[in-house]
Amino acid sequence: MTTAREEALTREVERLRRINAALIERVEAGHLPRSAPYAAFEHTALLAEQVRERTRALNQTLHELRSSNRLLAEARERAERATQTLVDAIESITDAFVLFDADLRIERFNRRFAELWLPAGIRVRRGMTLDTLRHLARSSGLVIREWLGKEDRSIVYQLHDGRWLQVHQRPTRGGGRVVLHVDITELKRQESAQREHALAEKSRLLQATLDSLSQGVAVVAADGCLEMCNRRCLALAGLTAPLATGGTVPLERLGPLVAGLEVRSLAAAREQHLPDGRIVEVRGHPMPGGGRVLTFTDITERTHYAQTLLERERWIRTITDELPVMIAYLNRDLRYAFVNRGYEHWYGWPRGMRLGGELHELHSEAHCRRLIPYLERVLQGESLSFELAETGASGEERVLLRSYVPHRNGDDGVIGVFVLVRDITERRRATEALRHAYQNLERRVRERTAELTRVNRQLRAEIHERTQAEQRLREAKTEAEAANLSKTKFLAAVSHDLLQPLNAARLFVGALEEQVTTSQGGELVGLIGRSLKDVESLLATLVDSSRLDAGVITPDIGAFPVAELLDGLAREYRQVAASEGLELRHVPCRAVVVSDISLLGRVLRNFLSNAVRYTVKGRLLLGCRRRPHGLEIQVGDSGIGIEEAEQAAIFQEFRRLDGPVRSDRGLGLGLSIADKISRILDHPLRVRSRVGAGSLFSITLPYGEIAAAPGAAAVPAPPAGRVDLAGCRVWVVDNDSDICHAMKTLLERWECRVWVAESEAALSAQLDLAEAAADVLIVDYHLDQGETGLAVAERINARRRDPLAVMAITANHSNALRQQVRALGYQLLHKPVKPLRLRLALAQLVTPPVRGGFTRAG
């Protein structure tokens with residue numbers, strides 16, 4: 001390379017010299033102006049300077065080339081020495097070494113590599129390819145077998161003379177490959193010896209392990225003879241001396257352990273009952289080479305323990321199936337280990353068929369997504385209670401209160417989850433209804449306030465022209481406020497003063513029912529009870545009418561399936577109609593409407609009650625018709641009918657039809673109340689009737705849609721059957737002496753020990769309120785001198801070491817009072833109190849809490 005560069009520079013210098021000579025000759029021979037020679041000389045001088053510069057550069061380059069040649073010679077000498085060193089190093093390697101170039105041709109190899117191929121008559125030379133070597137190795141018989149190592153770069157070969165080679169490959173930077181052949185024959189021999197020794201040691205350990213097992217083991221050959229057995233197997237068979245092994249001992253020597261067994265086909269577990277009363281579980285396990293391994297497990301104690309557990313489980317299931325809640329148990333893998341009857345009924349599962357199933361298998365994916373976050377928290381050790389809307393197997397949606405309690409083991413780890421589910425649909429509905437009523441009341445107050453403000457502005461602007469009109473409006477306002485105040489006082493008197501004696505009468509009748517033993521006396525007591533019930537119904541009707549006139553009822557409008565209301569009314573009035581010898585036909589409907597379900601129910605109840613009252617024989621009809629502008633709910637009957645002239649007057653207050661009726665205890669306010677409610681709801685009423693053929697009352701509702709399934713709610717049903725209250729110690733505080741007397745009489749008939757008083761001081765005069773033993777404290781909310789029963793209960797419990805369970809009785813239906821009682825943890829009953837409801841409430845208070853998440857009722 002250096003010589004070529006020198007020649008190029010020499011040629012360049014020669015060319016420049018020729019150019020210089022040609023220029024000088026041209027200047028001398030040309031006919032130029034006088035000043036031209038000087039210019040040519042000046043140009044020539046400039047060219048000469050350039051030639052000198054080029055010459056100096058050329059000389060410098062030639063010097064650098066000579067230095068480069070000297071360094072290159074030194075590098076070539078060092079490379080030759082390194083190559084010789086590499087050859088010596090390759091030859092010094094005790095293993096066979098070969099180097100392939102980028103085309104996988106042999107570039108270098110050592111003597112050991114050449115000697116490796118000599119036994120097969122193959123001479124290795126440079127330039128041979130890797131594929132050629134592989135072909136020669138296989139065709140010559142040099143290699144018998146080969147195995148790919150754990151990595152693709154390592155291959156093990158077995159040679160024909162018994163030697164073993166391990167081949168390692170590594171790529172080079174230039175694309176070639178370095179291959180090293182290592183003789184591992186001695187290493188393979190050592191491994192084989194170690195394997196044989198380990199196999200013998202394992203055989204000895206296997207026999208020792210079998211003999212140490214608490215489970216009997218026997219190995220049976222394919223011909224049915226006993227190959228070997230352990231000591232436990234001999235003990236179970238009742239043999240003291242060991243049997244000979246090797247496949248010559250018949251299997252029948254094991255006696256009762258294998259009596260009646262078909263060993264060759266034994267797969268499932270079989271139980272063998274030994275003569276000494278023990279029970280042995282026999283299992284057969286096939287071996288690859290034929291024959292079977294038999295295992296014998298003494299399950300006598302386990303069988304007895306399992307029977308005991310089954311008996312206990314039957315008791316637990318009997319108890320939990322009778323509870324009015326849903327109970328289940330999930331293990332840590334979220335598999336059902338226990339569910340009671342209520343749980344299976346809610347999800348529509350067959351009895352006992354879902355135990356062991358996973359949560360994801362038995363429930364929908366959406367339901368599992370809602371439950372899994374709570375279950376994960378419980379498995380971390382947290383106890384939870386939460387409400388969740390859910391649809392059961394019957395298609396009815398309810399709101400369920402779920403309580404999850406972790407099941408801990410001795411190390412405080414969570415091994416399962418106790419599940420308690422209660423239906424709180426009705427309670428949620430009541431809460432939502434009260435909340436909506438309160439919100440609607442606030443809205444109406446704001447609207448009324450805004451309307452009065454607007455009217456006042458108009459009156460002030462026209463005061464000089466309408467002074468008299470303003471005076472009349474003030475007088476009308478005063479009269480309206482006086483009328484509203486009068487109705488408010490009337491409602492208060494009805495809700496407390498009138499219900500006080502009615503409450504006492506209901507309690508006396510309840511006590512009297514406990515004492516009457518004759519059928520005639522029972523009939524009279526029943527008549528009294530029905531009369532009191534009619535009085536209660538009449539008072540409720542008057543109160544409803546007054547509240548509607550006063551405008552204090554605000555509808556709670558919402559969308560709901562109409563079947564939610566109609567199905568319940570059909571069940572209720574089907575029994576009422578049957579008791580009167582009538583037939584009620586109900587046509588179900590799945591439409592969704594928008595209304596106040598409570599107020600709408602009162603309208604339909606009035607329709608149904610009138611249909612029963614004015615139908616002597618025949619049948620009733622409850623159904624719906626879809627109209628373009630809404631759903632028309634119809635109540636028809638085959639009764640006496642209404643004359644066309646009277647059809648407009650039946651919605652007036654205290655107006656009743658003439659003719660044969662089943663009962664005349666009503667006031668004639670039912671249809672009037674229905675008309676007022678329909679106006680509040682803006683649902684038009686319609687009546688069609690023909691004398692002697694019957695009547696058809698209907699109300700039309702707008703259609704609606706349910707965007708999201710709202711949570712329902714219901715108070716759990718009280719336990720069925722009579723409740724034993726014998727020996728229950730009860731304190732009663734009520735400022736009405738008649739109620740005190742009635743309460744004492746009724747409770748003593750239930751074998752309770754009762755102390756009654758009209759005030760806290762009167763009760764303190766009879767008992768030591770801090771130390772005397774008692775179970776329940778019953779207080780009236782309204783006492784004398786502005787005192788409340790809740791305050792009395794708080795003072796009494798503050799003085800006691802163990803607070804009493806408290807039941808408050810009142811005629812006040814306000815939501816604020818209900819929330820206050822719930823916050824205190826008390827039970828609440830409204831007047832007039834029904835004896836059966838009182839008895840069940842007392843039973844809930846005195847029943848001790850059940851383990852697993854139950855709390856005292858209230």
Side-chain angles (χ1 to χ4, degrees), residues 1-24 43-118 122-137 151-155 165-183:
M1 180 183 295
T2 305
T3 304
R5 186 174 181 184
E6 290 176 353
E7 292 177 354
L9 291 174
T10 303
R11 288 195 297 272
E12 179 68 17
V13 171
E14 184 65 26
R15 186 176 67 85
L16 291 174
R17 287 176 179 174
R18 287 196 302 272
I19 293 173
N20 187 22
L23 290 174
I24 294 174
H43 181 67
T44 301
L46 181 60
L47 289 176
E49 183 65 25
Q50 290 178 354
V51 169
R52 284 194 296 270
E53 290 293 332
R54 292 288 182 91
T55 303
R56 283 196 298 271
L58 178 61
N59 293 332
Q60 181 66 27
T61 302
L62 289 174
H63 177 72
E64 292 176 356
L65 286 175
R66 294 188 187 98
S67 299
S68 298
N69 288 334
R70 185 175 63 256
L71 293 175
L72 182 61
E74 294 175 355
R76 184 180 298 109
E77 183 179 357
R78 288 196 298 271
E80 291 175 353
R81 288 199 301 269
T83 301
Q84 185 60 39
T85 303
L86 176 62
V87 172
D88 296 340
I90 291 174
E91 289 295 333
S92 65
I93 296 176
T94 58
D95 298 318
F97 175 88
V98 61
L99 174 64
F100 293 91
D101 60 12
D103 297 328
L104 295 183
R105 296 180 178 275
I106 295 178
E107 185 174 339
R108 292 185 184 276
F109 59 91
N110 63 357
R111 181 174 51 83
R112 290 282 295 173
F113 183 75
E115 293 174 352
L116 177 66
W117 299 87
L118 289 178
I122 302 173
R123 293 186 176 276
V124 182
R125 62 183 181 277
R126 295 184 63 178
M128 294 181 67
T129 64
L130 179 60
D131 292 337
T132 302
L133 287 176
R134 289 176 177 173
H135 175 70
L136 291 175
E151 300 181 0
D152 293 343
R153 298 173 181 176
S154 175
I155 305 177
L165 289 180
Q166 186 174 22
V167 180
H168 301 278
Q169 303 182 34
R170 291 289 185 276
T172 62
R173 184 178 301 176
R177 187 179 302 180
V178 175
V179 181
L180 188 66
H181 298 72
V182 181
D183 190 341

If you round to the nearest 0.5 Å, how far is [atom2] of [Y] from [atom1] of [X]?
{"X": "Leu104", "Y": "Arg177", "atom1": "CG", "atom2": "CZ", "answer": "5.0 Å"}
{"X": "Glu12", "Y": "Arg15", "atom1": "CD", "atom2": "CZ", "answer": "4.0 Å"}
{"X": "Glu107", "Y": "Leu99", "atom1": "CD", "atom2": "CG", "answer": "5.0 Å"}

Looking only at heavy atoms, what is the nearest atom pair of Phe109 and Val124, with distance?
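It is CZ-O, 3.6 Å.
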Which atom names give the shortest non-hydrogen contact between Gln169 and Val179, and what distance separates them?
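So the two residues come closest at CG-CG2, 4.0 Å.
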Side-chain donor or acceptor of Asp103 paired with backbone N/O of Arg105 under 3.5 Å:
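Side chain of Asp103 to backbone of Arg105: no pair is present.
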Could you go through the salt bridge (Lys or Arg N to Asp or Glu O under 4.0 Å) check for Glu49 and Arg52 one step at a time?
CA-CA 5 Å; Glu49 183 65 25; Arg52 284 194 296 270; 2.2 Å; yes
side-chain contact (heavy atoms from CB on, under 4.5 Å) evaluation trace for Val178 with Phe97:
CA-CA 8 Å; Val178 175; Phe97 175 88; 3.3 Å; yes
